[in-house]
2 protein chains.
Amino acid sequence: MREFYTITELTREFGVSTRTLRFYEDEGLIAPVRRGRTRLFRPGDRHLIKQIMRGKRLGFSIAEIREIVQMYKEPPGEAGQMRAIVDRVEEKRAELRQKRKDIEETLAELDQVEENCLNRLAELRVAS
Amino acid sequence: MREFYTITELTREFGVSTRTLRFYEDEGLIAPVRRGRTRLFRPGDRHLIKQIMRGKRLGFSIAEIREIVQMYKEPPGEAGQMRAIVDRVEEKRAELRQKRKDIEETLAELDQVEENCLNRLAELRVAS
DNA sequence: TGCGCAATTGACTTTTACGTAAGAATTTTT
DNA sequence: AAAAATTCTTACGTAAAAGTCAATTGCGCA
């Protein structure tokens, strides 16, 4: 695994602009190290960006994505903190399950649309 | 099934404002009938709103949602049109499958987070 | 050492998806 | 009928998530 990535390498890989990655840094989602003023992205940063993109595809806001990635990296703390995290994890899971249900329903309706189209095509073939 | 719903009935059911429903009408997502100037929403409109909310939860933009609901109601046309719709349906399905994959991955990572927390809690209990 | 390219910061702009407020018209309630 | 509530249109405002532009800065290299 490579030690560092430049910002443009990652913009190409993920199909985003440099502005976007810098914006995510401003927002506290990633924290690449610097050589002088130039950002150097490590594999960990790259993986974080992957998680951010996933969150974006699922329609989570930056704030929500921040919450999620913070859960990933929360250091082992005391019991109360642990329980709080477990609770927040369960909340997010509930949201994700809702989204999954929404997807299944939408897929089912699209199946219906396709079937109607194919039936219609069959009719046209008979009629002609 | 009721014949008509008022705008506030639906705002309460779906947890949105009247502004939002009027906005969706401006955007061509719904087209309630009128009695005078007042909007009357039929069951079909209500169902459309349900689909819109699903789209929103999945992070689709208004433009994307418009595309989807238009596929639902496209009237039976000629063969070329049918094939075009089938293609667009397949595109949307691909997007939805990607989202579903994103959900599975996120759920798996959240499971991991929870497990770490529970392990940590167990450790704390032993140590005390 | 001078050139060009990539990277940086900062400021301003844009788009999306509504929120909010004003004022008039209708409808409903008392 | 008068008061209260709902709805309407129109218009301006705003937060989030970047896009765009300008003015540097620094690195690789011929």
Side-chain angles (χ1 to χ4, degrees), chain A residues 2-42 45-46 48-70 92 95 99 102, chain B residues 2-42 45-46 48-70 92 95 99 102:
Chain A
R2 302 214 1 222
E3 187 168 10
F4 293 121
Y5 306 89
T6 70
I7 195 167
T8 31
E9 281 175 328
L10 294 183
T11 62
R12 280 184 193 129
E13 174 171 1
F14 294 105
V16 297
S17 68
T18 58
R19 176 72 178 83
T20 299
L21 294 184
R22 293 188 193 114
F23 176 68
Y24 291 158
E25 184 178 10
D26 285 348
E27 291 294 312
L29 295 180
I30 48 181
V33 295
R34 303 285 182 125
R35 183 175 53 206
R37 300 209 294 173
T38 304
R39 291 165 180 81
L40 294 177
F41 293 79
R42 290 149 301 178
D45 297 314
R46 182 163 163 279
L48 257 175
I49 296 173
K50 229 180 244 181
Q51 292 172 329
I52 295 168
M53 294 306 149
R54 252 178 15 206
K56 284 202 52 186
R57 283 194 297 272
L58 293 176
F60 286 113
S61 71
I62 298 294
E64 290 170 319
I65 292 173
R66 191 177 12 238
E67 264 196 72
I68 295 175
V69 305
Q70 269 169 9
K92 280 296 159 197
E95 268 184 72
K99 281 179 201 272
D102 289 329
Chain B
R2 301 212 6 217
E3 188 168 11
F4 294 121
Y5 305 90
T6 70
I7 195 167
T8 30
E9 280 176 328
L10 294 182
T11 62
R12 280 182 195 134
E13 175 170 0
F14 293 105
V16 298
S17 68
T18 57
R19 177 74 179 83
T20 298
L21 293 184
R22 294 190 190 114
F23 175 69
Y24 292 158
E25 183 178 13
D26 285 348
E27 291 293 313
L29 295 180
I30 48 181
V33 295
R34 303 286 182 125
R35 183 176 55 205
R37 301 208 292 177
T38 304
R39 292 166 179 80
L40 295 177
F41 294 79
R42 290 150 301 180
D45 298 312
R46 181 163 164 277
L48 258 175
I49 296 172
K50 231 180 243 182
Q51 292 172 330
I52 295 168
M53 295 304 149
R54 254 179 13 207
K56 283 201 52 187
R57 284 194 298 270
L58 292 176
F60 286 114
S61 69
I62 297 294
E64 290 169 319
I65 292 173
R66 191 176 14 237
E67 266 195 71
I68 296 175
V69 304
Q70 269 169 8
K92 278 298 159 195
E95 268 183 73
K99 280 179 201 273
D102 290 329

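Below, chains carry the letters A, B, ... as their sequence lines are ordered, and counting in each starts from 1. Values reported hereafter were calculated over all heavy atoms of this structure, with side chains retained and with hydrogens, waters and symmetry mates removed.
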Under 3.5 Å, N/O pairs linking protein and nucleotides 5-10 of chain C:
from: C/dA7; atom 1: OP1; to: A/T8; atom 2: OG1; distance (Å): 2.8
from: C/dA7; atom 1: OP2; to: A/T8; atom 2: OG1; distance (Å): 2.9
from: C/dT8; atom 1: OP1; to: A/R39; atom 2: N; distance (Å): 2.6
from: C/dT8; atom 1: OP1; to: A/R39; atom 2: NH1; distance (Å): 3.0
from: C/dT8; atom 1: OP2; to: A/R22; atom 2: NE; distance (Å): 3.2
from: C/dT8; atom 1: OP2; to: A/R22; atom 2: NH2; distance (Å): 2.8
from: C/dT8; atom 1: O5'; to: A/R39; atom 2: NH1; distance (Å): 3.1
from: C/dT9; atom 1: OP1; to: A/R34; atom 2: NH1; distance (Å): 3.0
from: C/dT9; atom 1: OP2; to: A/R39; atom 2: NH1; distance (Å): 3.0
from: C/dT9; atom 1: OP2; to: A/R39; atom 2: NH2; distance (Å): 2.5

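In the 5' to 3' direction, nucleotides of DNA chain D lying under 4.0 Å from heavy atoms of chain A begin and end at D/dA17 to D/dT25.
Atom CD1 of B/I65 and atom P of C/dA17 are 8 Å apart (whole Å). Rounded to whole Å, atom C1' of C/dA17 lies 17 Å from atom CZ of B/F60.
Of all heavy-atom pairs spanning A/K99 and B/L58, the tightest one is O-CD2, 3.4 Å.
Residues that satisfy the side chain to side chain donor-acceptor pair (under 3.5 Å) test with B/E67, not counting sequence neighbours, are absent from this structure. Every residue was checked against the side chain to side chain donor-acceptor pair (under 3.5 Å) condition with B/T11, not counting sequence neighbours, and none meets it. Scanning for side chain to side chain contact (heavy atoms under 4.5 Å, CB included) contacts around A/D45 gives A/P32, A/F41, A/R42, with sequence neighbours left out. The salt bridge (charged side-chain N to carboxylate O under 4.0 Å, His left out) check on A/E64 picks up nothing, with sequence neighbours excluded. Not counting sequence neighbours, the partners of B/K92 by the salt bridge (charged side-chain N to carboxylate O under 4.0 Å, His left out) test are B/E95. Applying the salt bridge (charged side-chain N to carboxylate O under 4.0 Å, His left out) criterion to A/R2, with sequence neighbours excluded, gives A/E9. With sequence neighbours excluded, the residues forming a salt bridge (charged side-chain N to carboxylate O under 4.0 Å, His left out) with B/R66 are B/E27, listed by chain and number. Partners of A/K56 by side chain to side chain donor-acceptor pair (under 3.5 Å), not counting sequence neighbours: none found.
Nearer to the 5' terminus of DNA chain C, by closest-nucleotide assignment, is the contact made by B/I62 (compared with the other of B/R35 and B/I62).
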Notebook entry, point to check: For DNA chain D, what string of dots and brackets results from 5' to 3' when Watson-Crick and G-U pairs need both distances under 3.5 Å, crossing pairs get [ ], and pairs with another strand get |?
Noted result: ||||||||||||||||||||||||||||||
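For residues 15-26 of chain A, the pairs satisfying salt bridge (charged side-chain N to carboxylate O under 4.0 Å, His left out) are A/E25-A/R34, A/E25-A/R39, with sequence neighbours left out.
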